[in-house]
Amino acid sequence: MSQTPDAFVSSLDNPPPLDMEIGYLDMGRGRSLRYALAPRTEGRESRGTILLLQGRNEASEKYFETMRDLNRMGFSVATFDWRGQGRSFRSLANPFVGHVANLSQFTDDLDRIFHEVVLPRCPAPYAILAHSMGGLVALTAMERLEDRVERMVLLAPFVAVPGSGLALASFRLVSSLLHWTGLGWLPVRRARRIEPGTALADNPLTSDRKRFERNLALQINAPDLFVGALSASWLRAVLKAQRRLEKSDVIARMRLPTLFLAAGADRVVSNRAAERLAWRMRSGHFLRVAGARHEMLQEADRFRDPALSAFEGFLASALPRQRPAEPAVDAALVEEALVAAIPDVARAE
């Protein structure tokens with residue numbers, strides 16, 4: 001496995017997309033967001049650009065395989081590491097604690113990436129493919145995205161934390177108290193990840209051994225890409241954004257066509273909450289991939305392939321496949337061929 005601080009981490013079983021570009025968007029005060037662009041190659045016109053929004057505690061390297069698959073479908077791809085994870089800047093002195101003060105920091109980062117990287121560098125039209133926390137950010141930012149994005153597909157969106165109402169109330173209370181007393185930086189929740197020694201059968205993220213081991217190797221060989229815990233302010237920000245998505249006036253303004261793809265065996269996020277939100281939206285659609293665990297893009301092919309097919313089908317009318325270019329026609333050659341095809345009798349007349 002090879003890596004350089006200013007590039008990306010790669011290995012034989014996790015190669016980057018062809019011609020992928022890594023860059024950094026300057027956010028000021030010595031901070032930057034790392035992004036990756038994978039343009040369409042093979043000499044064909046792009047169908048448009050997919051903005052791939054990662055989940056919590058993820059990095060661009062985790063999506064190399066998916067980016068290659070999207071390229072094969074005809075899409076250009078753009079993705080970036082959220083602040084506090086991957087090789088984007090960290091807000092705390094301890095780089096292994098994921099932290100934001102408010103979810104608006106994530107939506108602002110998305111806005112800047114769109115305006116300063118995607119719009120000037122990537123071909124239109126645009127669609128979003130988001131996983132877990134990325135789905136929550138996309139839903140929160142929907143009103144900003146409506147005039148730029150054609151469709152959104154959300155895989156296992158982090159619409160709500162599974163559990164009882166009492167447990168969620170206690171999470172909100174504790175995280176808010178710590179946030180408002182200046183202790184929002186304290187780690188209060190472990191970040192979801194595959195730990196060394198975790199058995200394939202016991203992890204809630206994927207049932208695929210090859211992808212399970214690939215992601216574990218990435219965490220072991222490049223630990224700086226990931227965090228070990230999430231701060232009290234991070235938890236408060238997420239829970240506050242989730243509660244906002246329960247409000248009828250907010251839902252009434254969510255008009256962007258959106259497909260919710262739920263993992264049937266998900267133990268990380270609430271499928272019931274996602275289905276209810278899709279039902280309440282004007283243009284929401286809900287599908288469940290039976291038996292899949294939380295990370296569908298890291299899952300076994302029997303779950304991953306249907307998810308990708310549903311994604312492409314939902315985008316088909318907005319980002320259609322390009323027809324092969326018609327060969328240029330030489331008028332002189334056409335005339336010559338027609339003359340040669342005229343029977344001698346006709347010429348004699």
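Not measured: the values here are computed from a predicted model. For reference, positions follow the sequence shown, starting with 1.
Remark: side-chain polar atoms of S309 are not paired, donor with acceptor, to backbone N or O of P306 under 3.5 angstrom. Here the side chain of N271 pairs a donor or acceptor atom with the backbone of A263 at under 3.5 angstrom. One N or O on the side chain of R90 and one on the backbone of S88 form a donor-acceptor pair closer than 3.5 Å. No donor-acceptor pair closer than 3.5 Å links the side chain of H179 to the backbone N or O of S175. With hydrogens and angles disregarded, a donor-acceptor distance shorter than 3.5 Å links the side chain of Q298 to the backbone of K62. Using a distance-only test at 3.5 Å, with no hydrogens or angles considered, a donor-acceptor pair links the side chain of E299 to the main chain of R293. Of the possible donor and acceptor atoms, none in the side chain of S270 sits under 3.5 Å from a partner among the backbone N and O of A160.
Taking CG from D266 and CD from E295, the interatomic distance works out to 9.5 Å, rounded to the nearest 0.5 Å. Note that CG of L297 and CG of D69 are 9.0 Å apart. Values are rounded to the nearest 0.5 Å. Separating the CZ atom in R304 from the CD atom in E65 is a distance of 4.0 Å, to the nearest 0.5 Å. Rounding to the nearest 0.5 angstrom, the gap separating the CG atom in N221 from the CG atom in L216 is 9.0 Å. The structure places CG of L139 at 6.5 Å from OG1 of T258, a figure rounded to the nearest 0.5 Å. Expressed to the nearest 0.5 Å, how far CZ of F106 lies from CH2 of W234 amounts to 7.0 Å.
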- Message: Between D109 and R112, does the salt bridge (charged side-chain N to carboxylate O under 4.0 Å, His left out) criterion hold? Intermediate values first, please.
- Response: CA-CA 5 Å; D109 291 348; R112 287 199 58 178; over 6 Å; no
- Item | Derivation of the salt bridge (charged side-chain N to carboxylate O under 4.0 Å, His left out) call for E146 and R253 | CA-CA 10 Å; E146 282 182 354; R253 297 194 299 271; over 6 Å; no
- Task: Report the C-alpha distance between L51 and T49 in whole Å, list the side-chain angles of each, state the deciding distance to 0.1 Å, and finish with yes or no for side-chain contact (heavy atoms from CB on, under 4.5 Å).
- Result: CA-CA 6 Å; L51 180 53; T49 299; 5.6 Å; no
- Would you please test D81 and R34 for salt bridge (charged side-chain N to carboxylate O under 4.0 Å, His left out) and show each step? CA-CA 6 Å; D81 299 345; R34 185 181 70 155; 2.8 Å; yes
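Connection of L183 to V238 is established within a shared hydrophobic cluster, with ILVMFWY side chains joined at heavy-atom distances below 4.5 Å, either directly or through further cluster members.
Judged by distance alone, the side chains of E61 and S10 never bring a donor and an acceptor atom under 3.5 Å apart. Between the side chains of S60 and R87, no donor-acceptor pair of N or O atoms lies under 3.5 Å. No side-chain donor-acceptor contact under 3.5 Å links R31 and S91.
Remark: A232 engages L178, V188 in a side chain to side chain contact (heavy atoms under 4.5 Å, CB included) (not counting sequence neighbours). Not counting sequence neighbours, the partners of D208 by the salt bridge (Lys or Arg N to Asp or Glu O under 4.0 Å) test are R211. Applying the salt bridge (Lys or Arg N to Asp or Glu O under 4.0 Å) test to R151 and every residue at least two apart in sequence or in another chain returns nothing.
Contact check for V117 versus L37: side-chain heavy atoms found under the 4.5 Å cut-off. The closest side-chain heavy-atom distance from L218 to F226 is below 4.5 Å.
W279 has its ring centre no less than 6.0 Å from the ring centre of F286.
Applying the side-chain hydrogen bond (donor to acceptor under 3.5 Å, both in side chains) test to every pair with at least one member in residues 281-290, sequence neighbours left out, gives these pairs: E275-R288.
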Can you give the donor-acceptor pairs under 3.5 Å from side chains of residues 123-136 to other protein atoms, not counting sequence neighbours?
residue: Y126; atom: OH; partner: C122; partner atom: O; Å: 2.7
residue: S132; atom: OG; partner: H294; partner atom: NE2; Å: 3.1

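Hydrophobic cluster of L177: the remaining members, joined at side-chain heavy-atom separations below 4.5 Å, are L173, listed by chain and number.
For the side-chain contact (heavy atoms from CB on, under 4.5 Å) with Q242, the lone residue among V161, V159, T140 that qualifies is V161.
Annotation for A101 and A237: closest pair O-CB, 4.3 Å, computed over non-hydrogen atoms.
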